[in-house]
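In what follows, chains are A, B, ... by sequence order, proteins preceding strands, each numbered from 1.
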Protein chains: 2
Amino acid sequence: MTTIREVSKLANVSVATVSRVVNGNKWVSDKTRDKVLAAMSELGYQPNSFARSLATNKSETFGMVVGDLGGPFFGDMMNSAEDAIRKAGKHLIVTSGHDSVDSERGAIDFLLQRRVDGLLLHLDVLPDDDIISLSDRCGVPIVLVNRHIPELSNQCVFVDNDLGGYLATKHLIELGHSEIACITGPMYKKDARNRLAGYRSALEEAGLQYSDNLVIESDYTELGGKAAIDKLTRRNAPYTAVFAHNDHMAIGAMTSLKALGKSVPEHCSIVGYDDMVMARYVEPALTTVAIPVGEFGKQAAFLALKLSGEQNNQINHQFDPKLVIRRSTAPLKPA
Amino acid sequence: MTTIREVSKLANVSVATVSRVVNGNKWVSDKTRDKVLAAMSELGYQPNSFARSLATNKSETFGMVVGDLGGPFFGDMMNSAEDAIRKAGKHLIVTSGHDSVDSERGAIDFLLQRRVDGLLLHLDVLPDDDIISLSDRCGVPIVLVNRHIPELSNQCVFVDNDLGGYLATKHLIELGHSEIACITGPMYKKDARNRLAGYRSALEEAGLQYSDNLVIESDYTELGGKAAIDKLTRRNAPYTAVFAHNDHMAIGAMTSLKALGKSVPEHCSIVGYDDMVMARYVEPALTTVAIPVGEFGKQAAFLALKLSGEQNNQINHQFDPKLVIRRSTAPLKPA
DNA sequence: CTGAAAGCGCTAACAT
DNA sequence: ATGTTAGCGCTTTCAG
């Protein structure tokens, strides 16, 4: 690797001059600049970002932690975050947290050691308290994606899951359904609790009775969705519609229902959550609650940029989910 | 940010000693080590990776460039690559190349400036020659993912697209089809040319006539797939099966076909390529050629590790695609 | 076992 | 307009 010193020798100038042209400083004569540029390209010079960052104490780089580099959900998020950050002339390093406290911590440490100018965190398992103390001591702005921690409110970008649950349920109610089953995510996750709360409030608003019997806690997987329907059957609970806390479970439920000889939406309506790609492709296409994932990543990036003093965009902290009506829901047929 | 010096002061030792305990050097007495460890945690000390890398001239980090952080294809690849690299005690920085020569170059420069120990490159547009010269001068091992450059053969990990095209076509032939349309990707891409070559060789092997009339060059998008069917219709070309160079186009074609009143697979069989998630969910589920994407990322990581002298795994350079038969293909019905 | 000191490559005053 | 030089925080001889 060639250094700035070698370039300076070849060009017959001082390292300071080379540094100036590398950094686009005005105070260099055109002639000198050309000489330096020539030397640089002759040597294939690449500035050493470590040395540079060490000297300036900034990296021009933001770090992002996502649950899993492969998640379809994260793809869009990373993309739009990177886009916004690139447009600000910075870079984004993405790492995955792998759904474990240790590796989430590890990912954060990794980024911190790289002295990122800010952190965009999508943390699944790290407890609130840890995040709060992290925010206090880490020295760089952190923004939380898809998570709301009251103490860190203005560092959060999140979606109103209560509203999502409410919208899904209300849609079903408006179609005439009154016996609506709910397949929830793991209840230790706030997302799931909020979606369930939305479900309850829609029920309540309509004067419908909430019944534990119709609620199955599951695990956000397709298999879990299937199993939930089986449980419902075993409980002998009557229902004409299902609200699943994500599309995976909704699709699993759909499969199970079909296997039971019930067709969707004729015998049973289904609403999912997330609006993943496959929601458009299943048969019937799934009615679901869409989260503006791209907007999410973008606003998180804006927020990080803002908190690090780079920009001053207007930030949108909370997003409203939107109901996307497709063909898995239909008016209740009189029995 | 607290430095090694502050820790050394608090612990009443020299910086060298602190450095030793940070790096797990044996030559430190337990007592001293404990003192230092205590000081470190009291100060919340995080080693500065820049200073460290500057001093050692290594980063313990590999860099990866993918076309687009959001691609479903890339998700698995990143995941398994990161996994393999993490298991080797290193880190992976992922950046996107955005399908443009400039940003692919920019992404590579970014990583090079971060002095990565190796580069995993999934390059869509950068020409072979540029890559070859890059490999010569960049000073770190580079491995090419999903691309075969003869001059850099042992730095490539790729899939046999000829075989993929052949398998897809042969499957259709075995089902009795002889008039098989082919919707290709952009022909400036080698992938597409190879898949087409596979198509031709399967035809040839079966003694079937190749006809330009049945080949439509498209763009790997769902819309492109739809348009291709329209073109075929306008050409008035008779066909009973379609081989599309990716699943997106296959699904687009399926939609178009249905709109034309032809049902799949009764009137027309369809084979896709890639085996993306949605292939399982469309109706009918798509027969397609699967690429072992995960294995890909993993082998690329192994290769990079090996070339950088870290490990010595046995590397698999070329992968065979596999035909996944689902329900979009069926035996030709006698007219 | 521990400390002192010389860099690693670059930036940013400060000189000239 | 250009050069000199003192760090940035850490690792690594080389001496104790």
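If you check the side chains of A:H98 and A:S100, you find no donor sitting under 3.5 Å from an acceptor. A side-chain donor-acceptor contact under 3.5 Å links A:Q318 and A:D160.
Applying the salt bridge (Lys or Arg N to Asp or Glu O under 4.0 Å) test to B:E104 and every residue at least two apart in sequence or in another chain returns nothing. Every residue two or more places apart in sequence or in another chain was checked for a side-chain hydrogen bond (donor to acceptor under 3.5 Å, both in side chains) with B:R115, and none qualifies. For B:N313, the side-chain contact (heavy atoms from CB on, under 4.5 Å) partners are B:F302, B:Q311, B:I315, not counting sequence neighbours. For A:R33, the salt bridge (Lys or Arg N to Asp or Glu O under 4.0 Å) criterion is met by no residue, not counting sequence neighbours. By the salt bridge (Lys or Arg N to Asp or Glu O under 4.0 Å) test, A:K58 is found to be paired with A:E60, residues two or more places apart in sequence or in another chain being considered. Partners of B:K87 by side-chain hydrogen bond (donor to acceptor under 3.5 Å, both in side chains), not counting sequence neighbours, listed by chain and number: B:D83. Residues forming a side-chain contact (heavy atoms from CB on, under 4.5 Å) with B:Q113 (at least two apart in sequence, or on another chain): A:Q46, A:P47, A:S49, B:D109. A:D124 pairs by the salt bridge (Lys or Arg N to Asp or Glu O under 4.0 Å) definition with nothing, not counting sequence neighbours.
Rounded to 10 degrees, the angle separating the terminal helix axes of the helix from C:dC1-D:dG16 to C:dT16-D:dA1, each built from five base pairs, is 40°.
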Quiz prompt | Footprint string (nucleotides 8-16 of chain D, 5' to 3'): B base within contact, S backbone only, - free, heavy atoms under 4.0 Å | solution = BBBBB----

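Side chain of A:S103 to backbone of A:G97: a donor-acceptor contact under 3.5 angstrom is found.
Bracketed by its first and final contacts, the part of DNA chain C lying under 4.0 Å from non-hydrogen atoms of chain A reaches from C:dG9 to C:dA13 in 5' to 3' order.
The stretch residues 28-39 of chain A touches DNA chain D through A:V28, A:S29, A:T32, each having a heavy atom within less than 4.0 Å of the strand.
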Quiz prompt | Candidate pair A:L305 and A:F62, rule side-chain contact (heavy atoms from CB on, under 4.5 Å), full reasoning | solution = CA-CA 9 Å; A:L305 253 8; A:F62 286 78; 3.4 Å; yes

